[in-house]
Structure formats: C-alpha cells, structure tokens
Amino acid sequence: MREPLRVLIADDELLARKRLSRLLAALPDVSVCGEAVDGDSVLAAVRAGGVDVVLLDIHMPGLSGLDAMALLPEGGPHVIFCTAHAEHAVNAFEHGAVDYVLKPVEAARLQKALERARARVPARVKAPTAAAPTAAAEKPALTRLPIPTRQGLVLVSPDAISHASLEDELVTVFTAQGDYLTDFTLNELADKLPPEHFHRVHRRALLNLSHVTRLEPLETGGYLARTARGHSVEVSRQSARELRRMLGLRKGAEDEG
C-alpha cells in the first residue's frame, strides 16, 4: 500500500486554496499537510518537515512562487505550479518544477501532475518481512535495453548509453554505437536503467554521469553537461544542486537562492 503523498497548498487567495483542498480530498493516496498564503509561510512549512509536494501559486505577497522555489532546501519538496499566468511556464520548468497547471485547476489535470511528482518522491513504505522479498530483489538487473528500429530490435548495453533527450514529443537514445528514436518515455527509461548512473537532470533529459566529461555553469544556476562524444545536455538548476551534493562539491551562490 502506498503512503499518502503529503501536499502543501500555497496560494494567497482563499477560494483557490479551498478549490485545491476539495480536489485533493477526492484523490486517492493524497493528504493535505497544510496551507500557506505567501512565500515565507511556504518556507516555514517546508522547514517543519512532512511535505512531499507544494502546489504553488506564482503571484503572492512578498516572495513570488518562483522566488520561494529557489529558496527550497536541497532534497526539498517537489513543486507543481498552479497559476493563471501561462507566461512563466518556461522559467518554472527551467528551475525544476515538476508541472505547471493553469487555473481553473481541473481534477484530472491535477491528478496527472501529482502522479508525475509521486514518481520522483522516494517511497515511504513499511519494510518487507524476511519471507516477502521486495520487488527490487525479484527484478533482475537490466543487461540490455531493447530498442525497436526499422532494421529490427537493437539491444543496447546501459553502459553504452550517454543520455536520452525529448525533442518534439520524440525520445532519442544516444549511444556509443549510434542514436536511436524510441517509443519509451523518459520516465520509462529512468525506470529501466541503473539509477546509480542515470539521472533525470531536466524535464527533457536523462543523463548517464559516467559519460560526462565537463559541467559548464549556466546563468540559470544549472549546468551544460558535455559528454565524451561531444553532445551537450542541459541540467536544470534543481538537478544541478543534487549533482553538487552527489559529487561532494561546495554549494554555489545559486544554492543559497
């Protein structure tokens, strides 16, 4: 049984908070852990703990939603923007937002956004008993990724894959042997490939760190990752924070907001 997804509602308008609360109450495996009316109260609630996802408005008193997101701690909750302002979507995704939902928020659209967020939240489940092996133990390690092509099924070693990217609704897998279009989504690839090497560094990119030769800083606070084959992969600001933590690097000024 899945643990409930703990959701913080952040909007300065009472009617908007009530609508989101009503929609969330009708969804399975979701619980409202609190409400916030401005950016400062969002940060206070996150510091208190127990928040998996923040439903965040863009325009609020004091800190904007984008400002508040930039100040969230490393490993902090994932952000879904719920706003009437479509013009901030690109900026929101560049800073690591899981999704961007336009008002008036509809139940089906909200549920889809929350499922995207759930896929990124570490599972909080009861430890299995010794007599019940975990799904991970039952699932054999993937030694070849099957990619259908016009010439047949190409079997690619995960070690040979440098990255995968989404362009115009199509995912391309880049390998030492060549590049292949695939029907897999980036989420499906992330589930199939070894998590110790492959990281979702952008909403449009999955990256194998073993193939990265250089990380070039960007003005956004993210990176441009250069692979051994000369490809460039954009790393979002939020993912750049996680990479610095993994690599044992000092925090940059952008990590302080």
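What you see below is based on every heavy atom in this structure, not just the backbone, and it leaves out hydrogens, waters and symmetry mates.
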Show the atom names and distances, to 0.1 Å, of all donor-acceptor pairs under 3.5 Å that link a side chain in residues 53-69 to residues at least two apart or in another chain.
from: Ser64; atom 1: OG; to: Leu66; atom 2: N; distance (Å): 3.4
from: Ser64; atom 1: OG; to: Asp67; atom 2: N; distance (Å): 3.1
from: Ser64; atom 1: OG; to: Asp67; atom 2: OD2; distance (Å): 3.1
from: Asp67; atom 1: OD2; to: Ser64; atom 2: N; distance (Å): 3.3

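- Remark: the backbone N or O of His202 is paired with a side-chain donor or acceptor of Arg200 at under 3.5 angstrom.
- A search for ring pair (Phe, Tyr, Trp, His ring centres under 6.0 Å) contacts involving Phe174 returns His163, His231, not counting sequence neighbours.
- Using a 4.5 Å cut-off between side-chain heavy atoms of Ile, Leu, Val, Met, Phe, Trp and Tyr, Leu218 falls into a hydrophobic cluster with Leu224.
- In this structure, Ala190 and Leu206 approach most closely via the heavy-atom pair N-CD2, 3.8 Å.
- The main-chain N or O of Thr175 is found under 3.5 Å from a side-chain atom of Arg229 such that the two form a donor-acceptor pair.
- Applying the side-chain hydrogen bond (donor to acceptor under 3.5 Å, both in side chains) rule to pairs touching residues 12-27 yields Arg17-Glu35, sequence neighbours excluded.
- By the side chain to side chain contact (heavy atoms under 4.5 Å, CB included) test, Leu155 is found to be paired with Arg144, Pro146, Leu153, residues two or more places apart in sequence or in another chain being considered.
- The pair Lys112-Glu115 does not count as a salt bridge, with every side-chain nitrogen at least 4.0 angstrom from each carboxylate oxygen.
- Heavy atoms only, all atoms of each residue included: Val233 and Ala205 are closest at CG1-CB, 3.7 Å.
- Sequence neighbours left out, the pairs with a member in residues 84-100 that pass side-chain hydrogen bond (donor to acceptor under 3.5 Å, both in side chains) are Asn91-His95, Asp99-Arg109, Asp99-Arg116.
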Exercise. Given Glu188 and Thr182, is the side-chain contact (heavy atoms from CB on, under 4.5 Å) satisfied, shown in steps?
Worked result: CA-CA 11 Å; Glu188 289 170 339; Thr182 175; over 6 Å; no
Problem set entry | Intermediate values then yes/no, side-chain contact (heavy atoms from CB on, under 4.5 Å), Leu189 and Leu145 | CA-CA 9 Å; Leu189 286 173; Leu145 177 70; 3.8 Å; yes
